[in-house]
Amino acid sequence: MTTQTKASHFVVVLAVFAALGGLLFGYDTGVISGAMLFLKKDFHLSINAQEFVVSSMLLTATIGALLAGPTTDAIGRRKVIIAASVLFIIGAFALSLAPSYNWLIGGRMLVGLAVGFSSTAVPLYIAEIAPASHRGLLVTINQLFITIGILIAYIVNYTFADTLDGWRWMFGLAVIPALIQCIGMVFFPDSPRFLLAKGRETEAKAVLKATRIDPHLTQDIRRIKTNLHEQKGTWKELFSRKVGPALMIAVSLQVFQQLTGINTVIYYAPEIFQAAGFKGASAAIGASLGVGIVNVMMTLIALPLLDRWGRRPMLFTGLSGMIIALFSISAAFLFPNVTALKIASVIGLMVFVGSFAIGLGPMPWLIPSEILPTKVRGRASGLSVVGNWGSNFIVASFFLSMIHSIGISMTFALFGLIGILALVFFYAVLPETKDKSLEEIRVHWMGAPKSTRRSSSKK
Ligand code: BGC
């Protein structure tokens, strides 16, 4: 049934506007390395102060995700996205005008809150407006935009590297996508599942009609409504026998995404290349741009495959590639042969990022938005996103000291070991969600809703 449902052009427009949140997420992640070169001189920042400029955003992103969960359930995904874009705008202005260190930290914290809100609400919104047949592709537009945001940030960093007060431009430019998103989302509708949960059936029908070419509209609405009646939507419910396992998978996906070290490469690619023997500023810029381009290209390749090939095969292929790359980089740093080290680190890092982009990159954003039941989906997704930002914070805080204490080789071997753990774990527990409607996936976890069980037993 669901295979006959097609995505309309309108749903693509909605997904793209929502995914501008991903663009800002990526941009604010990538821009800090370029801005930091100025900030440490202009504000005379110590190492600790520099670290706090980076980590303050990760801290409030964690808080934002925690708040966004119940808020998206209460007021809807769309309004939270609008609130995030307003925070992005205020944060970008605050950062670009910052006269002092404290002001700078305040700006980073505002942007962090915005990222936490948006990274929770955007995948939910897209998953709930998308028809099953294109959900993988549409939700992953968000991950694509994250990677494009990172790449744009690298290019902006490069462009303003020699400009007086260049960092003000670097931070300030984020206003443009945030403003476009804010204006767009004010006029766009809420997700049909949220509208039905609030009893706004006529509006929900109109959105379903506009977002899909669907011969089974009435049936879809009945199915969504039956599911909604079944769920209570309390915090306690999250840890029940029925919802708990799905929540555990959602959180693990996010935590493993970070603990396998992606952001050490995103943040520190230039340093890693320099340690491998490449010297000079152009090598550092080349390293960042190379990583950014491979990330975008491989995410683009992943987009159409997610709904064709399925989530499990993509995740396992990606994880295997990451593990091989991590151990190759680790081995290369053990041997003093400089040429071999240079080749292995370049190829290793590119294979690592490319493999991330087809597996562990998109899956933690896609799968939780599918497997968590509607009424608790907001707060449960919020918790999984807390797992993302919290573990991002931990890795960012300890990476440099790990390199100093156990060395690059052991650090990458550790990421590789965590990758193996992830592979074994997800092989055992991850369900395939390709081509299934959100309601069919719900039946996998929680059994058929009572009302449908009753009607089928009457037949
Ligand atoms: C992760 C980010 C990471 C980015 C890289 C996202 O899915 O959550 O932490 O920087 O991918 O593409």
Side-chain angles (χ1 to χ4, degrees), residues 19 21-33 54-55 57-59 61-62 64-65 68 111-112 114-123 126 136 139-154 250-269 288-303 306 311 314-315 318-319 321-322 325 349-369 381-382 384-397 399 415 418 422:
L23 190 96
L24 288 156
F25 166 161
Y27 184 79
D28 283 306
T29 300
V31 84
I32 195 64
S33 55
V54 176
S55 61
M57 179 182 121
L58 305 181
L59 267 184
T62 314
V111 169
V115 174
F117 276 11
S118 138
S119 54
T120 304
V122 169
I126 304 180
V139 176
T140 305
I141 290 182
N142 184 48
Q143 173 67 14
L144 177 68
F145 274 36
I146 295 176
T147 63
I148 294 177
I150 295 174
L151 184 60
I152 294 178
Y154 288 158
V251 175
S252 320
L253 278 164
Q254 294 285 14
V255 171
F256 276 122
Q257 183 198 59
Q258 294 300 319
L259 294 189
T260 39
I262 182 63
N263 282 314
T264 62
V265 175
I266 300 288
Y267 300 148
Y268 298 110
S288 295
L289 283 184
V291 163
I293 292 170
V294 170
N295 202 5
V296 173
M297 297 313 287
M298 291 304 288
T299 310
L300 264 176
I301 291 176
L303 278 181
L306 285 159
R311 293 22 166 183
M314 299 268 304
L315 179 64
L319 262 170
M322 282 170 75
L349 283 188
M350 297 307 163
V351 171
F352 174 71
V353 172
S355 307
F356 172 87
I358 61 164
L360 214 44
M363 298 311 167
W365 302 110
L366 171 60
I367 295 174
S369 67
S381 295
S384 76
V385 179
V386 167
N388 179 295
W389 291 106
S391 36
N392 188 339
F393 175 72
I394 292 172
V395 176
S397 314
F399 178 66
F415 289 147
I418 298 175

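Counting starts at 1 for both ligands and their atoms, following the listed order.
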A side-chain contact here means heavy atoms from C-beta on lying under 4.5 Å apart; do Asn388 and Pro364 qualify? no

Among residues at least two apart in sequence or on other chains, which ones pass side-chain hydrogen bond (donor to acceptor under 3.5 Å, both in side chains) with Asn295? none

Check whether more than 12 heavy atoms from other residues, nucleotides or ligands sit under 6.0 Å from atom CE of Met350, and answer yes or no. yes

Hey, what polar pairs (N/O, under 3.5 Å) does ligand 1 make with protein?
{"from": "ligand 1", "atom 1": "7 (O)", "to": "Gln143", "atom 2": "OE1", "distance (Å)": "2.7"}
{"from": "ligand 1", "atom 1": "7 (O)", "to": "Gln143", "atom 2": "NE2", "distance (Å)": "3.4"}
{"from": "ligand 1", "atom 1": "7 (O)", "to": "Gln257", "atom 2": "NE2", "distance (Å)": "2.8"}
{"from": "ligand 1", "atom 1": "7 (O)", "to": "Trp365", "atom 2": "NE1", "distance (Å)": "2.9"}
{"from": "ligand 1", "atom 1": "8 (O)", "to": "Gln257", "atom 2": "OE1", "distance (Å)": "2.8"}
{"from": "ligand 1", "atom 1": "8 (O)", "to": "Asn388", "atom 2": "ND2", "distance (Å)": "3.2"}
{"from": "ligand 1", "atom 1": "9 (O)", "to": "Gln258", "atom 2": "NE2", "distance (Å)": "3.0"}
{"from": "ligand 1", "atom 1": "9 (O)", "to": "Asn263", "atom 2": "ND2", "distance (Å)": "2.7"}
{"from": "ligand 1", "atom 1": "10 (O)", "to": "Asn263", "atom 2": "OD1", "distance (Å)": "2.6"}
{"from": "ligand 1", "atom 1": "11 (O)", "to": "Gln143", "atom 2": "NE2", "distance (Å)": "3.2"}
{"from": "ligand 1", "atom 1": "12 (O)", "to": "Gln143", "atom 2": "NE2", "distance (Å)": "3.4"}
{"from": "ligand 1", "atom 1": "12 (O)", "to": "Asn295", "atom 2": "ND2", "distance (Å)": "2.9"}

Look only at the side chain of Gln254 and the backbone of Val385, and say whether a donor-acceptor pair between them is shorter than 3.5 Å. no

Counting C-beta onward and ignoring hydrogens, is there a side-chain heavy-atom pair between Phe415 and Thr264 closer than 4.5 Å? yes

Mind telling me whether Trp365 and Phe25 have parallel, tilted or perpendicular rings, with 30° and 60° as the class edges? perpendicular

